[in-house]
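Letters A, B, ... mirror the listed sequences (proteins, then strands); counts begin at 1.
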Protein chains: 2
Amino acid sequence: MTLKYSRQREAIREFVMSRHDHPTADVVYMNVRREFPNISLGTVYRNLTLLADIGQLTRIRLGDGVDHFDAITEPHYHFVCKECGVVYDLDFPILDTVDSEADTGFEGGRIDGHITYFYGKCKDCLAEG
Amino acid sequence: MTLKYSRQREAIREFVMSRHDHPTADVVYMNVRREFPNISLGTVYRNLTLLADIGQLTRIRLGDGVDHFDAITEPHYHFVCKECGVVYDLDFPILDTVDSEADTGFEGGRIDGHITYFYGKCKDCLAEG
DNA sequence: GGTTAAACCAGTAATAGTTACTGTTTTGAT
DNA sequence: ATCAAAACAGTAACTATTACTGGTTTAACC
């Protein structure tokens, strides 16, 4: 299954790269449609999955039942506003100590890592009330 | 909207309380059906949601696209086996330091807490190879 | 540059998990 | 015992995602 170039995939990749707001498949679809008016949603999903598989994107799950995609592939944490759902990157390093802390006295298996997101109220929602 | 007693809700609550494996709505449905053969899946969902809303259960999302329910409502961490999907409770305290660490220098809003789950390979899957 | 097989596509159907609706039954306060 | 509110069973609808199908694009090879 050798990878072949595709204009659609390139547009999808470029769109996600251009955004910092962790778009969902649907948002990608809406936007890439401006360049490819009859691109199919299936193509968007297939390519997002493919790009995530080859490590050019990261799929992030934030408990809202929708997959988000992130162009930044280096591990990092996220902040989610409970009010409006906006997602920000947090730029402090992954806390490896947390894994070893969890590992101490854990007899259930081997811990390889952790998934964390922080929640709260974003600046805009705080300002509103 | 005063709460009224219901035998079905009680059975659902008792079932989740009796288990430590964080069952999904479907698992609850399958099991409660032994006592209430024609309980509806909608009733299970409605009551799980209600019980979570009044704080008798916790809804946990582990990135597998299915909601799990946990009878332990005190905040605690979970371990998920990437191989077989089994979920264990981890009994070390919530690391509040993590929140303050994330908060330092974060201008995007107010951080109220974090959701974390640890992943790896469970004892049984390690033994298999 | 033409041929050709594999990758890819658009369009559509199917699936999984969950929520919403509808008409009937249960609950509990009066 | 009456009766309104809450809950129910059964079913339909919805959302996010994946799978299928027959046609199109890509790129390796002559």
Side-chain N or O of [X] less than 4.0 angstrom from OP1 or OP2 on [N]?
X: A:Y45; N: D:dT17; answer: yes
X: A:T24; N: D:dA16; answer: no
X: B:S40; N: D:dG10; answer: no
X: A:Q8; N: C:dA10; answer: yes

Note to self: Listing request: all side-chain hydrogen bond (donor to acceptor under 3.5 Å, both in side chains) pairs with a residue in residues 84-100 of chain B, at least two apart in sequence or in separate chains.
What the structure shows: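 side-chain hydrogen bond (donor to acceptor under 3.5 Å, both in side chains) check on residues 84-100 of chain B returns B:H22-B:D89, B:H76-B:D89, B:H78-B:D89, B:D99-B:H114.
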What integer distance in Å separates [X]:[atom1] from [N]:[atom2]?
X: B:D53; N: D:dA7; atom1: CG; atom2: P; value: 12 Å
X: B:L50; N: C:dT19; atom1: CG; atom2: C1'; value: 14 Å
X: A:R13; N: C:dC8; atom1: CZ; atom2: P; value: 15 Å
X: A:Y29; N: C:dC9; atom1: OH; atom2: P; value: 14 Å
X: B:N47; N: C:dT19; atom1: CG; atom2: C1'; value: 14 Å
X: B:I12; N: D:dC8; atom1: CD1; atom2: C1'; value: 11 Å
X: A:R61; N: C:dG17; atom1: CZ; atom2: P; value: 13 Å
X: A:N38; N: D:dT25; atom1: CG; atom2: P; value: 11 Å

From the list [options], which nucleotide is the closest neighbour of the side chain of [X]?
X: A:V66; options: D:dA16, D:dC8, C:dT18; result: D:dA16
X: A:D67; options: D:dT17, C:dA7, C:dC8; result: D:dT17
X: A:L41; options: C:dA7, D:dT17, C:dT19; result: D:dT17

Check: Would you call A:R7-A:E10 a salt bridge at under 4.0 Å N-O?
Finding: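 No.
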Note to self: Could you check whether B:R61 pairs with B:D67 (Lys NZ or Arg NE/NH1/NH2 to Asp/Glu carboxylate O, under 4.0 Å)?
What the structure shows: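 A salt bridge is present here (some side-chain N lies under 4.0 Å from a carboxylate O).
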Checklist line | Side-chain donor/acceptor contact of B:K4 with base of D:dA5 under 3.5 Å | finding: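 Yes, a donor-acceptor pair under 3.5 Å.
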Check: With a non-hydrogen cut-off below 4.0 angstrom, is A:R46 in contact with a base, only sugar-phosphate, or nothing?
Finding: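 Contact class for A:R46: base.
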Notebook entry, point to check: Which residue, B:R7 or B:R59, contacts DNA chain C at a nucleotide closer to its 5' end, judged by nearest heavy atom?
Noted result: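 By nearest-heavy-atom nucleotide position, the 5'-most residue is B:R59.
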Notebook entry, point to check: Could A:R33 and A:Y29 be counted as a cation-pi pair, given that NZ or CZ must be under 6.0 Å from the ring centre and within 45° of the axis?
Noted result: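 Geometry flag: set, cation within 6.0 Å and 45°.
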Next item on the list: Share the residues that join A:Y5 in a hydrophobic cluster, the rule being Ile, Leu, Val, Met, Phe, Trp or Tyr side chains under 4.5 Å apart at the heavy-atom level.
Entry: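 None; A:Y5 is a cluster of one.
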Margin query: Here's a test of your reading of the structure: between B:P37 and B:T2, which maps to the more 5' nucleotide of DNA chain D?
Written below: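 It is B:T2 whose nearest nucleotide is closer to the 5' end.
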